[in-house]
Amino acid sequence: MADYPEQCLVACCMENRCPICKVNPNHRGSHEATLLRETKETVVLLAMNETNSKDMKFKETYQEIGLCPIYPPFWACLPHCDIFQSFMLDLLHQLHKGVFKDHLVKWLVFGSPVS
Ligand SMILES: [Zn+2]
């Protein structure tokens, strides 16, 4: 059980990123298909970052999915654990502050962007 900032810390991702999937923060809410974060891929990328890999494709991928330099994550040695599947919705940060305060209140005060 963790709130959104703690979920990001556990998922080793930046706080503007989704701890469950790899969606770009500017594309949240779009209907694009996004890939879920994968345990093995994430551990490999975190390990490569730790060794200062010079691979440009690696650096691109690392930044694209918004990982933080945390290595080794505590869940890396848990063989049957998919940490990204264990996160629950954080009502305060994601529903109240995210949907209600940031989107619904703006929409009600300033009106629909279409009008
Ligand atoms: Zn997501």
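Positions are given from 1 along the sequence. The figures here come from the full heavy-atom set of this structure, side chains too, leaving out hydrogens, waters and symmetry mates. What you are looking at is a predicted structure, and each value in this text was computed from that prediction instead of being measured.
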- Query: Is it true that E41 and K22 have a side-chain N and a carboxylate O under 4.0 angstrom from each other?
  - Reply: yes
- Query: Has the side chain of W75 got a donor or acceptor atom that lies under 3.5 Å from a matching backbone atom of A11?
  - Reply: no
- Could you tell me whether E32 atom CD has more than 12 heavy atoms of other residues or ligands within 6.0 Å of it? yes
- Task: Look up atom CG in L45 and atom SG in C12, then write down how far apart they are to the nearest 0.5 Å.
- Result: 11.0 Å
- Item | Side chain Y62, main chain C68, donor-acceptor under 3.5 Å | yes
- Ignoring hydrogens and geometry, is there a side-chain-to-backbone donor-acceptor pair from Y4 to E15 under 3.5 Å? yes
- Message: I'd like to check D3 versus L92 (side-chain heavy atoms, cut-off strictly below 4.5 Å). Are they in contact?
- Response: no
- Query: Looking at the rings of F100 and W107, which for Trp means the six-membered one, are their centres under 6.0 Å apart?
  - Reply: no
- Look at the side-chain heavy atoms of Ile, Leu, Val, Met, Phe, Trp and Tyr, link any pair under 4.5 Å apart, and say whether L89 and M1 land in one connected group. no
- Note on the structure: side-chain hydrogen bond (donor to acceptor under 3.5 Å, both in side chains) pairs touching residues 77-106, sequence neighbours excluded, are T39-D82, D90-H93
- Item | Hphob cluster co-occupancy, M14 + V10, side-chain heavy atoms under 4.5 angstrom | no
- So do C18 and F87 actually touch side chain to side chain, heavy atoms under 4.5 Å? no
- Query: Within the side chain of Q7, is there an N or O that forms a donor-acceptor pair under 3.5 Å with the backbone of M88?
  - Reply: yes
- Query: Among the clusters formed by ILVMFWY side chains lying less than 4.5 Å apart, do Y71 and F58 turn up in the same one?
  - Reply: yes
- Message: Please tell me whether I70 and M48 are part of a single hydrophobic cluster in this structure, the criterion being side-chain heavy atoms less than 4.5 Å apart.
- Response: no
- Item | R37 (side chain) donor-acceptor with I83 (main chain) under 3.5 angstrom | no
- Is it possible for you to say whether I20 and V43 belong to one hydrophobic cluster, with membership spreading through side-chain heavy-atom contacts below 4.5 Å? yes
- Please tell me if the side chains of N24 and T34 come closer than 4.5 Å, counting only heavy atoms from C-beta onward. no
- Item | S53 (side chain) donor-acceptor with N49 (main chain) under 3.5 angstrom | no
- Do the non-hydrogen side-chain atoms of P25 and R17 ever get within less than 4.5 Å of each other? yes
